[in-house]
Amino acid sequence: MPLTFLSAEHDAQADATESPLPHGQQDYWRRPYRPGPWRVGGAAIALLLAAYVLISAVIIAVAGTPRGALATAVIALLGIVFALRLLRIGIWVSSRGVRRVGMFTTRTLRWREVTAVRTVQQPVKWLGLPRSVQGQAVEVERRRGGPLRTLLTDHNADFLTRPEAFERAADVLEAWADEYR
C-alpha cells in the first residue's frame, strides 16, 4: 500500500506536467532541487558522530569533571552545526535573486545583476575535491565584476549519481533567471 501522503514524491508527480517553476510563493528562498544522497549521507554520519560525542559528554558529566563534560558537549554541538550547515549548502532562488550558500559564506546576487545563466561543458571538481573530471556546470555571468564561482556541477554532492536531477535543476535556474532578469 503506497503512502504517498508521507513522501515528497506525490508533489513531484503532480508538478511534472506544469511549468518549470512549480513554486506558488516565489518571494521565499527555495532550493530548486533536492539535496543529493552524498550530502545527506555526510550529514547523517556527522550527526551520528555528534550523538556519540553527546553520550560521551553525559558519561563524563556523571563520572568525571564538569569542565570535561562541557568541552565534550561543545564539540558535539559543533558537529551538529556542521551537519546542519552541510545540509544548507547549495543554490537558493527567489524572485529577488540567486543565493549561493557555502559552508562559511553566503553570496547573494540580484537578478538585475545577472547577464546570463547557462550550462557549459568544462572540467569540474569531483565532490569538491582537488581531482577534476570532465562534466557540466551551471555558470552565471554578472553585469559588473568578475565571473561568479560555478553554481552547480554534475559531480558535486547533490548530483553525482543523479544526472537527470542536474538537468532539471539547471533548467529551473535558467527559467528563474529568464523570468526575473
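FYI, side chains are in, hydrogens and waters are out, and symmetry mates aren't considered; it's all heavy atoms of this structure.
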Judged by atom type as modelled, is there a donor-acceptor pair below 3.5 Å linking the side chain of [X] to the main-chain atoms of [Y]?
X	Y	value
Arg118	Glu139	no
Asp154	Gln136	yes
Arg162	Pro37	no
Arg31	Ile89	yes
Trp111	Ser94	yes

Do you know the tightest heavy-atom contact between [X] and [Y]?
X	Y	value
Gly79	Ala46	O-CB, 4.3 Å
Ala170	Thr119	CB-OG1, 3.5 Å
Asp158	Gly36	OD1-N, 2.9 Å
Arg85	Thr105	NH2-O, 3.9 Å
Ile91	Pro32	O-CD, 3.3 Å
Leu54	Ile80	CD1-CD1, 4.1 Å

Item checked: Gln121 and Gln134: CA distance, side-chain angles, deciding distance, side chain to side chain contact (heavy atoms under 4.5 Å, CB included) verdict -> CA-CA 7 Å; Gln121 281 289 122; Gln134 190 64 28; 3.8 Å; yes
Notebook entry, point to check: Does the side chain of Glu179 come under 3.5 Å of the side chain of Ser95 through a donor N or O and an acceptor N or O?
Noted result: no
Margin query: Before you tell me yes or no, could you show the steps for Thr161 and Trp38 under side chain to side chain contact (heavy atoms under 4.5 Å, CB included), namely the whole-Å CA-CA distance, both residues' side-chain angles and the distance that decides it to 0.1 Å?
Written below: CA-CA 9 Å; Thr161 58; Trp38 289 90; 3.9 Å; yes
Next item on the list: Find out whether Arg96 and Tyr180 are in side-chain contact, i.e. whether some heavy atom of one side chain is under 4.5 Å from a heavy atom of the other.
Entry: no
Next item on the list: Could you walk me through whether Ile59 and Ile55 pass side chain to side chain contact (heavy atoms under 4.5 Å, CB included), step by step?
Entry: CA-CA 6 Å; Ile59 292 171; Ile55 291 171; 4.0 Å; yes
Next item on the list: Take Arg142 and Leu109 through the side chain to side chain contact (heavy atoms under 4.5 Å, CB included) test and state the conclusion after the steps.
Entry: CA-CA 9 Å; Arg142 297 189 290 182; Leu109 194 60; 3.6 Å; yes
Hey, could you give me the [atom1]/[atom2] distance between [X] and [Y], rounded to the nearest 0.5 Å?
X	Y	atom1	atom2	result
Trp126	His155	CH2	NE2	9.0 Å
Tyr33	Leu152	OH	CG	5.0 Å
Arg39	Leu86	CZ	CG	5.5 Å

Margin query: Tell me every residue that passes ring-ring contact (aromatic ring centres under 6.0 Å, His included) with Phe166, counting only those two or more places apart in sequence or in another chain.
Written below: Phe159
Notebook entry, point to check: According to a 4.5 Å side-chain heavy-atom criterion applied to Ile, Leu, Val, Met, Phe, Trp and Tyr, with indirect links allowed, do Val53 and Leu78 form part of one hydrophobic cluster?
Noted result: no
Margin query: Is there a path of hydrophobic side-chain contacts, each under 4.5 Å between heavy atoms, that joins Phe104 and Phe82?
Written below: yes
Note to self: Atom CZ of residue position Arg67 - does it have more than 12 heavy atoms of other residues, nucleotides or ligands inside 6.0 Å?
What the structure shows: no
Item checked: Geometric cation-pi criterion, Arg99 with Trp92: 6.0 Å, 45° -> no
